[in-house]
Peer 1: 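Can you keep this structure in mind? I'll have questions shortly.
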Amino acid sequence: MDYHKMWQDLGMDVETHDTLCSVLPTAIGDVFTSQENRPKAMAFWDMVISEVHGIRPAELVEAKKQGRKVVGTFCLYVPDEIVIAANGIVTGLCGGSQFWVPSGEEVLPKNTCSLIKASVGARLSRTCPFFRLADLYVGETTCDGKKKAYEILAEDVPMYIIDVPQMKRPQDIAHYKDEIRLFARKIEEITGNKITPEKLHEAIVICNNRRKAMARVYEARKSTVAPISGRDAILMTQIAFFDDPVRCAEQCNKLADELEDRIAKGISSAKPNDKRILLTGTPVAVPNWKMHQIVETSGGIIVCEEMCTGSRYFEHLVDENAKTEDEMLEALAQRYMKNNCACFTPNGGRIDDILRYCEEYKVDGVIDCNLQFCNLYDTEKRSVSRALKEAGIPCLSIETDYTDNDAEQLRTRVGAFIEMLDSRSQR
């Protein structure tokens with residue numbers, strides 16, 4: 001389908017955007033459709049990613065014609081439930097392509113991580129429909145680089161900031177609860193819709209159902225059968241940030257059904273000797289599939305992602321027994337503050353999660369991959385590496401960016417790491 005008229009109406013730089021779109025089919029073919037023995041249910045996500053700037057944006061355009069508002073977010077600490085309760089629509093806005101980095105570097109220091117530069121560049125270059133469609137951008141205080149980037153974006157678009165505490169004491173959770181309350185009032189103002197306890201409860205159930213469905217897929221990844229590749233699993237998770245939450249849950253459950261059947265029949269997406277890898281570090285936004293592609297074409301299979309584009313997105317449910325608005329805001333605050341982002345200090349919970357996942361997902365080794373200039377996760381690599389060493393779990397620490405300049409060097413390092421895991425298992 002031709003979406004050029006829609007892109008023009010959104011004020012996009014269509015000619016430059018065509019350049020971005022021209023490389024997508026090759027990337028999708030190389031990373032996804034070239035895989036053998038994939039789950040048939042992946043056809044949905046193949047369809048979505050093949051027209052990622054068309055299908056969902058067209059739905060959002062129609063929704064806006066009906067008076068609904070679109071809220072763009074950059075982080076898990078912006079609760080989707082609040083927007084959904086006001087009949088708004090949430091869409092992710094993190095940029096994962098090198099294509100947008102140069103535009104971001106026009107206003108940001110070059111020693112800013114690629115995710116931030118790409119996110120700003122996607123807006124300023126007018127080459128991403130999601131950045132054109134959002135009526136309000138919602139940021140959060142999880143990263144100094146992002147905080148400064150939000151100031152730049154605020155010069156061009158309506159911007160709202162949620163103050164996320166950097167510790168997890170009772171007073172910090174109470175503060176975050178107040179921030180969610182203020183956010184709810186802002187969303188009511190933007191949408192013109194009152195957030196009632198009934199609507200908020202309904203939104204909590206919707207988001208919990210999505211979490212439960214995604215958790216089923218990850219539960220299947222714990223099997224030694226390895227019924228789905230890491231590449232396919234990360235695509236599902238990345239698209240969940242953009243998709244309608246009800247449809248997302250339906251499709252994830254459909255995929256989980258197939259994965260459970262594949263496990264029962266012994267149908268694997270991995271080769272017999274592939275090493276099971278846990279990936280942790282900086283989140284990977286669409287279309288950043290770099291490490292998944294390298295690992296899974298070098299003798300490994302990624303079975304879990306300990307990151308925001310991974311386990312943190314769905315783990316822990318919001319308590320559905322709350323009745324009043326205040327009780328529901330408390331339930332939201334309690335759930336979201338269980339996420340162990342590197343912005344927190346101390347952050348021993350993240351180490352505990354990594355070690356727990358290593359056992360649950362039967363991991364052979366861990367790759368801690370951080371974007372260059374991502375100081376939070378780069379600093380934590382020391383404690384991650386130390387904890388894994390003490391547990392006897394091999395770990396490879398990697399620093400990279402969105403370019404392919406280091407791809408062969410990374411392939412060599414990953415290949416050597418997997419060879420070490422192989423020789424270790426044969427002892």
Peer 1: Go through the structure and list residues passing side chain to side chain contact (heavy atoms under 4.5 Å, CB included) with K147, not counting sequence neighbours.
Peer 2: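 Partners of K147 by the side chain to side chain contact (heavy atoms under 4.5 Å, CB included) criterion, ordered by chain and then number, come out as T141, D144.
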Peer 1: Kindly state each residue pair satisfying ring-ring contact (aromatic ring centres under 6.0 Å, His included) with at least one member in residues 271-297, sequence neighbours excluded.
Peer 2: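 Non-adjacent pairs meeting ring-ring contact (aromatic ring centres under 6.0 Å, His included): F32-W289.
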Peer 1: Tell me every residue that passes salt bridge (Lys or Arg N to Asp or Glu O under 4.0 Å) with E260, counting only those two or more places apart in sequence or in another chain.
Peer 2: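 With sequence neighbours excluded, E260 shows a salt bridge (Lys or Arg N to Asp or Glu O under 4.0 Å) to R216, given in chain and number order.
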Peer 1: Could you check whether any side-chain heavy atom of D368 comes within less than 4.5 Å of a side-chain heavy atom of L396, counting everything from C-beta outward?
Peer 2: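 Answer no - side chains too far apart.
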Peer 1: What verdict does the side chain to side chain contact (heavy atoms under 4.5 Å, CB included) test give for L421 and I277, after you've listed the backbone C-alpha separation in whole Å, the side-chain angles of each residue and the deciding distance to 0.1 Å?
Peer 2: CA-CA 10 Å; L421 296 179; I277 304 296; 3.7 Å; yes
Peer 1: Would you call L235 and R231 a side-chain contact if the rule is heavy atoms closer than 4.5 Å?
Peer 2: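 Not in contact.
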Peer 1: Sequence neighbours left out, cut at 3.5 Å: what donor-acceptor pairs do the side chains of residues 82-103 make with other protein atoms?
Peer 2:
{"unit_1": "N87", "atom_1": "OD1", "unit_2": "R68", "atom_2": "NE", "d": "3.4"}
{"unit_1": "S97", "atom_1": "OG", "unit_2": "F99", "atom_2": "N", "d": "3.0"}
{"unit_1": "W100", "atom_1": "NE1", "unit_2": "T127", "atom_2": "OG1", "d": "2.9"}

Peer 1: Determine, stepwise, if the pair R262 / S269 fulfils side chain to side chain donor-acceptor pair (under 3.5 Å).
Peer 2: CA-CA 10 Å; R262 284 165 67 91; S269 291; 3.0 Å; yes
Peer 1: Kindly indicate whether the side chain of F373, heavy atoms from C-beta on, has any atom under 4.5 Å from the side chain of T112.
Peer 2: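 F373 does not reach T112 side chain to side chain.
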Peer 1: Strictly by modelled atom types, are T400 and D406 linked by a side-chain donor-acceptor pair under 3.5 Å?
Peer 2: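 On atom types as modelled, these side chains qualify, holding a pair under 3.5 Å.
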Peer 1: Checking side chain to side chain contact (heavy atoms under 4.5 Å, CB included) against L136, which of I187, V70, T191 comes through?
Peer 2: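 The side chain to side chain contact (heavy atoms under 4.5 Å, CB included) with L136 is passed solely by I187 among I187, V70, T191.
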Peer 1: Using the rule given for salt bridge (charged side-chain N to carboxylate O under 4.0 Å, His left out), can you reason through K271 versus D274, listing the C-alpha separation, both sets of side-chain angles and the distance that settles it, and then say yes or no?
Peer 2: CA-CA 5 Å; K271 295 181 177 64; D274 281 353; 5.3 Å; no
Peer 1: Determine whether the aromatic ring centres of residues Y218 and F314 are separated by less than 6.0 angstrom.
Peer 2: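 Here the rings of Y218 and F314 have centres that are less than 6.0 Å from each other.
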Peer 1: Is there a salt bridge (charged side-chain N to carboxylate O under 4.0 Å, His left out) between R424 and D364 once you walk through the steps?
Peer 2: CA-CA 9 Å; R424 189 172 183 262; D364 294 305; over 6 Å; no
Peer 1: How long is the gap from SG on C369 to CE on M291, to the nearest 0.5 Å?
Peer 2: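 C369 atom SG to M291 atom CE measures 4.5 Å (nearest 0.5 Å).
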Peer 1: Residues two or more places apart in sequence or in another chain: which of them pass salt bridge (Lys or Arg N to Asp or Glu O under 4.0 Å) with R312?
Peer 2: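 Once residues adjacent in sequence are excluded, the partners of R312 under the salt bridge (Lys or Arg N to Asp or Glu O under 4.0 Å) criterion are E306.
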Peer 1: Centroid separation under 6.0 Å, is that true for the rings of Y137 and Y150?
Peer 2: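 Ring-ring flag for Y150/Y137: false, centres at least 6.0 Å apart.
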Peer 1: Between L108 and V120, is a side chain to side chain contact (heavy atoms under 4.5 Å, CB included) present by the stated rule, with each step listed?
Peer 2: CA-CA 9 Å; L108 289 166; V120 172; 3.8 Å; yes
Peer 1: Quick check: F344 with Y77 (ring centres under 6.0 Å apart)?
Peer 2: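 Centroid separation for Y77 and F344: below 6.0 Å.
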Peer 1: Using side-chain heavy atoms (C-beta onward) and a distance below 4.5 Å, is S229 in contact with R38?
Peer 2: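 S229 does not reach R38 side chain to side chain.
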Peer 1: Apply side chain to side chain donor-acceptor pair (under 3.5 Å) to K40 and list each qualifying residue two or more places apart in sequence or on a separate chain.
Peer 2: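 Testing K40 for side chain to side chain donor-acceptor pair (under 3.5 Å), a comparison that skips the adjacent residues, returns none.
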Peer 1: So, K168 and N340: side-chain donor and acceptor under 3.5 Å apart, yes or no?
Peer 2: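 Per modelled atom types, K168 and N340 side chains form a pair under 3.5 Å.
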Peer 1: Name all residues meeting the side chain to side chain contact (heavy atoms under 4.5 Å, CB included) criterion together with Q251; count only those two or more places apart in sequence or in a different chain, and write none if there are none.
Peer 2: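 Partners of Q251 under the side chain to side chain contact (heavy atoms under 4.5 Å, CB included) test: F44, W45, R247, K254.
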Peer 1: Ring of Y160, cation from K186 - is the NZ or CZ under 6.0 Å from the centre and inside 45° of the axis?
Peer 2: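 No, cation not above the ring by the 6.0 Å, 45° rule.
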Peer 1: Does some side-chain heavy atom of K290 sit less than 4.5 Å from a side-chain heavy atom of D401?
Peer 2: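 Sidechains of K290 and D401: in contact.
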Peer 1: Distance from K222 atom NZ to C304 atom SG, nearest 0.5 Å?
Peer 2: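 The NZ atom of K222 sits 8.5 Å away from the SG atom of C304.
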Peer 1: Please round to the nearest 0.5 Å and tell me the distance separating atom CD1 of I116 and atom CD of E105.
Peer 2: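 Reported value, rounded in 0.5 Å steps: 12.5 Å.
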Peer 1: Could you give the distance from CD (E81) to CG (L200), rounded to the nearest 0.5 Å?
Peer 2: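 One gets 7.5 Å once the value is rounded to the nearest 0.5 Å.
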Peer 1: With the threshold set at 4.0 Å, does a side-chain nitrogen-carboxylate oxygen contact exist between E51 and R56?
Peer 2: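 No.
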Peer 1: Test side chain to side chain contact (heavy atoms under 4.5 Å, CB included) on L255 and I228 and set out the steps.
Peer 2: CA-CA 10 Å; L255 175 60; I228 185 172; 3.9 Å; yes
Peer 1: Check whether the side chains of T224 and R276 place a donor and an acceptor atom closer than 3.5 Å, and report yes or no.
Peer 2: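 Looking only at side-chain atoms, R276 and T224 do not form any donor-acceptor pair under 3.5 Å.
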Peer 1: Are there more than 12 heavy atoms of other residues, nucleotides or ligands under 6.0 Å from atom NZ of K64?
Peer 2: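 Buried by this count: over 12 neighbours within 6.0 Å.
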Peer 1: Between D319 and R335, does any NZ, NE, NH1 or NH2 come within less than 4.0 Å of an OD or OE carboxylate oxygen?
Peer 2: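 D319 and R335: not salt-bridged.
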Peer 1: Less than 4.5 Å apart, any side-chain heavy atom of E179 and any of V164?
Peer 2: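 No; the side chains remain at least 4.5 Å from each other.
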Peer 1: For the atom pair CG (L332) and CD1 (I173), what is the distance rounded to the nearest 0.5 Å?
Peer 2: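 Going from the CG atom of L332 to the CD1 atom of I173 covers 13.0 Å.
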Peer 1: Can you name the one residue among T297, D232, D30 that meets side chain to side chain donor-acceptor pair (under 3.5 Å) with Q35?
Peer 2: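 The passing option is D232.
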Peer 1: Salt bridge (charged side-chain N to carboxylate O under 4.0 Å, His left out), that's the test. Do R221 and E305 meet it? Break it down for me.
Peer 2: CA-CA 11 Å; R221 298 175 77 187; E305 297 84 11; 2.8 Å; yes
Peer 1: Check step by step if side chain to side chain contact (heavy atoms under 4.5 Å, CB included) holds for Y357 and V366.
Peer 2: CA-CA 10 Å; Y357 295 149; V366 173; over 6 Å; no
Peer 1: Which pairs count as ring-ring contact (aromatic ring centres under 6.0 Å, His included) when at least one residue sits in residues 224-268, sequence neighbours excluded?
Peer 2: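 Qualifying pairs: F130-F242, F241-Y313.
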Peer 1: What pairs with E315 under salt bridge (Lys or Arg N to Asp or Glu O under 4.0 Å), at least two apart in sequence or on another chain?
Peer 2: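 For E315, the residues satisfying salt bridge (Lys or Arg N to Asp or Glu O under 4.0 Å) (neighbours in sequence not counted) are R356.
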Peer 1: So how far is it from I49 CD1 to Q238 CD, rounded to the nearest 0.5 Å?
Peer 2: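 Answer for the CD1-CD pair, I49 versus Q238, is 7.0 Å.
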Peer 1: Does the side chain of I367 come within less than 4.5 Å of I302's, by heavy atoms?
Peer 2: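 No, their side chains stay 4.5 Å or more apart.
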Peer 1: Looking at residues at least two apart in the chain, or sitting in another chain, which of them share a side chain to side chain contact (heavy atoms under 4.5 Å, CB included) with D18?
Peer 2: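 Partners of D18 by the side chain to side chain contact (heavy atoms under 4.5 Å, CB included) criterion, ordered by chain and then number, come out as H4, W7, V14.
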Peer 1: What pairs meet the side chain to side chain donor-acceptor pair (under 3.5 Å) rule with one or both residues in residues 199-208, with sequence neighbours excluded?
Peer 2: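 As it turns out, the side chain to side chain donor-acceptor pair (under 3.5 Å) pairs with a partner in residues 199-208, which skip direct neighbours, are N208-R211, N208-E320.
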Peer 1: Please identify each residue that fulfils side chain to side chain contact (heavy atoms under 4.5 Å, CB included) with V246, with sequence neighbours left out.
Peer 2: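 Result, side chain to side chain contact (heavy atoms under 4.5 Å, CB included) vs V246: I206, D244, E250.
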Peer 1: Any salt bridge linking R350 with D353? Criterion: basic side-chain nitrogen under 4.0 Å from a carboxylate oxygen.
Peer 2: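 Answer for the salt bridge query: no.
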